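Everything on this sheet refers to the single structure shown next.
Values in this document were obtained by computation on a predicted structure and should not be read as measured data. What's counted below: heavy atoms across the whole structure, side chains too, no hydrogens, waters or symmetry copies.
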Amino acid sequence: MKEMLYPLKFEPILKDKIWGGQKLKALLNKRSNLSNIGESWEISDVKGDTSIVANGNLKNQSLKELLESYKSDLIGKKNYNIFGNKFPLLIKFIDAKKDLSIQLHPNDELAAERHDSFGKTEMWYVMQADDDANLIVGFNQEMTPEKYLRHLEDKTLTKILNFDKIKSGDTYFIEVGRLHAIGAGVMLAEIQQTSDITYRVYDWDRVDDEGNERELHNDLAIDAFDFNMPDNFRVQYQKEENTSNGMVSCPYFTTNFLHITKPILKQNTKDSFFIYMCVEGEAMIETETGTELIKKGETVLLPATIETYKITSPNARLLEVYV
C-alpha cells in the first residue's frame, strides 16, 4: 500500500560555481562546506541531479521515484499526460558574488533536437541586491545578427547590453532567445523549465584556478537568438496582502506573489502540484495529510491530490508556482 502524499520538502542540491559566494549559507541557512556556492537546486529532475525527499514517510525517495509511483496524483492529470515521468520545473536559489557569464537559452525545438532536453524559459525574483547591483537583460539598442557578431568579435559586447539597476522584489521574465546575465551582488529565486542547457557567449575573459577559460558556445548560440524581442521582461505585479497576486503566466508555469499576514485558506482548482518558495519570513502550511513550516530560503511541494490547505503567518512573502 502506497503512503499518502503530503507537503514535500527536498534536500537542497548545492552547486559550487566560479562566480558563487556565501549568501546562501549566511542568509538562507544552506549547510555546506563549499567555498563558492552559486546555486541551491530546491526541486530538480535534471538527469544526474534528482531531488531527494527530506521529510516524512517518503524521506530518502527521489523525485523520479515519486513520479513513477504516484504519477498524476503528484503532478496532476493534464501535466502527467504532457510530461509523463518527467517533472516539468527546476526551482533554484542563486547567489552571484561575481558576474555570471553573458548567456541565453534555446527554445524547446532546438533543445530537443540538439540536447534531448526541454528549452529553458525562466523567471527571476530578486531577494537581495547589494548597492549598485544589476541584471543584464537584452540590448540597449536595436540589434541585428551582423551588429551583434561585430561587437562580439571586437570584444565590445558590453557596450550594447542593457544593464538594469535592481532592488529586492524586482522580477524579470527571461524568455528563450534573450541574452541575459545575473550581476555581482545579487541573490534571487529562479523558476524555470527543467533544463540545464545554457549557451555561454562571453565570460568576462576570466580563467579558473588552472588558468583555463570556460567554454563558450557562440556557434550554437547564434541560431538560438531572437533579435526582435520587445523590452517586456520587467514584471509588474500587485502586492495585495493575503491573496495570490499574478506575476508571470506562460505556457510553462504560472507564478504568483503572496504576502501573508493572517491565516488564509487555499483551494487547488488547477489540476496541478503547487510549489511555495519562502522569500521572506516563515509560514505554516497545514493540509489534511501533513503540516510543514517553511522558512526563508525553503521550498515545499504540495502534490496535486491536496485540494484544500491553510497558510498561516504574521508576516511572510511566498512565491506560489504551478503548471
[X]/[Y] ion pair, N-O < 4.0 Å:
| X | Y | result |
| --- | --- | --- |
| R234 | D170 | no |
| K23 | D130 | yes |
| D271 | K77 | no |
| E215 | R200 | no |

I'd like to know if the side chain of [X] and the backbone of [Y] have a donor-acceptor N/O pair within less than 3.5 Å.
| X | Y | result |
| --- | --- | --- |
| T312 | K310 | no |
| N268 | K270 | yes |
| K2 | S69 | yes |
| D203 | D205 | no |
| N36 | D16 | no |

Given side chains that start at C-beta, do those of [X] and [Y] come closer than 4.5 Å, heavy atoms only?
| X | Y | answer |
| --- | --- | --- |
| Y252 | V323 | no |
| Y172 | D164 | yes |
| W41 | S51 | no |
| K25 | I37 | yes |
| Q193 | D108 | yes |
| V46 | F118 | no |
| L74 | F273 | no |
| K120 | I197 | no |

- Task: Only one of K239, K296, K295 passes salt bridge (charged side-chain N to carboxylate O under 4.0 Å, His left out) with E280; say which it is.
- Result: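 Filter result, single survivor: K296.
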Can you give the donor-acceptor pairs under 3.5 Å from side chains of residues 85-92 to other protein atoms, not counting sequence neighbours?
{"residue": "N85", "atom": "OD1", "partner": "Y80", "partner atom": "OH", "Å": "2.8"}
{"residue": "K92", "atom": "NZ", "partner": "Q192", "partner atom": "OE1", "Å": "3.3"}

Can a donor-acceptor pair be found between the side chains of [X] and [Y] at a distance below 3.5 Å?
| X | Y | answer |
| --- | --- | --- |
| Q128 | S168 | no |
| H259 | N315 | yes |
| E320 | S244 | yes |

- Item | Worked check of salt bridge (Lys or Arg N to Asp or Glu O under 4.0 Å) between K17 and D95 | CA-CA 10 Å; K17 298 288 185 180; D95 169 29; over 6 Å; no
- Intermediate values then yes/no, side chain to side chain donor-acceptor pair (under 3.5 Å), E241 and T261: CA-CA 7 Å; E241 292 182 5; T261 59; 3.1 Å; yes
Less than 6.0 angstrom separating the ring centers of [X] and [Y], yes or no?
| X | Y | answer |
| --- | --- | --- |
| F225 | Y148 | yes |
| H115 | Y199 | yes |
| F173 | F233 | no |

Minimum heavy-atom distance [X]-[Y], with the two atoms named:
| X | Y | value |
| --- | --- | --- |
| A133 | G185 | CB-O, 4.0 Å |
| A316 | A283 | CB-CB, 4.1 Å |
| N60 | E65 | O-OE1, 4.4 Å |
| L104 | H180 | CA-CE1, 3.8 Å |
| Y6 | V53 | OH-CG1, 4.2 Å |

- Can K97 be said to sit on top of W19's aromatic six-ring, NZ or CZ under 6.0 Å from centre and within 45° of the ring axis?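 Negative - K97 is either too far from the ring of W19 or too far off its axis.
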- For L318 and M277, run side chain to side chain contact (heavy atoms under 4.5 Å, CB included): C-alpha distance rounded to whole Å, both residues' side-chain angles, the deciding distance at 0.1 Å, then the answer. CA-CA 5 Å; L318 308 176; M277 304 181 76; over 6 Å; no
- Would one find more than 12 heavy atoms of other residues, nucleotides or ligands at under 6.0 Å from atom CD of Q141?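 Above 12, so yes.
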- Query: Are there more than 12 heavy atoms of other residues, nucleotides or ligands under 6.0 Å from atom CD of E288?
  - Reply: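 No, the 6.0 Å shell around CD holds no more than 12 heavy atoms from other groups.
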- What distance separates D154 CG from K159 NZ, expressed to the nearest 0.5 Å?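 One finds 9.0 Å between CG of D154 and NZ of K159.
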- Between CG on residue L258 and OG on residue S313, distance to nearest 0.5 Å: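 Here the interatomic distance stands at 11.0 Å.
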- Item | Pairs touching residues 243-256 that satisfy salt bridge (Lys or Arg N to Asp or Glu O under 4.0 Å), sequence neighbours left out |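 For residues 243-256: none.
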- Item | Contacts of I102 that satisfy side-chain contact (heavy atoms from CB on, under 4.5 Å) - sequence neighbours left out |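 Applying side-chain contact (heavy atoms from CB on, under 4.5 Å) to I102 gives I136, L157, L161, L179, A181, V201, Y202, W204.
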- Message: Consider side-chain contact (heavy atoms from CB on, under 4.5 Å). Of V235, I191, L188, which one does W124 pass it with?
- Response: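 Result for side-chain contact (heavy atoms from CB on, under 4.5 Å) with W124: L188.
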- Item | Stepwise salt bridge (Lys or Arg N to Asp or Glu O under 4.0 Å) check, R206 with D99 | CA-CA 11 Å; R206 60 187 162 200; D99 294 321; over 6 Å; no
- Message: Before you tell me yes or no, could you show the steps for T289 and L5 under side chain to side chain contact (heavy atoms under 4.5 Å, CB included), namely the whole-Å CA-CA distance, both residues' side-chain angles and the distance that decides it to 0.1 Å?
- Response: CA-CA 7 Å; T289 56; L5 287 169; 5.9 Å; no
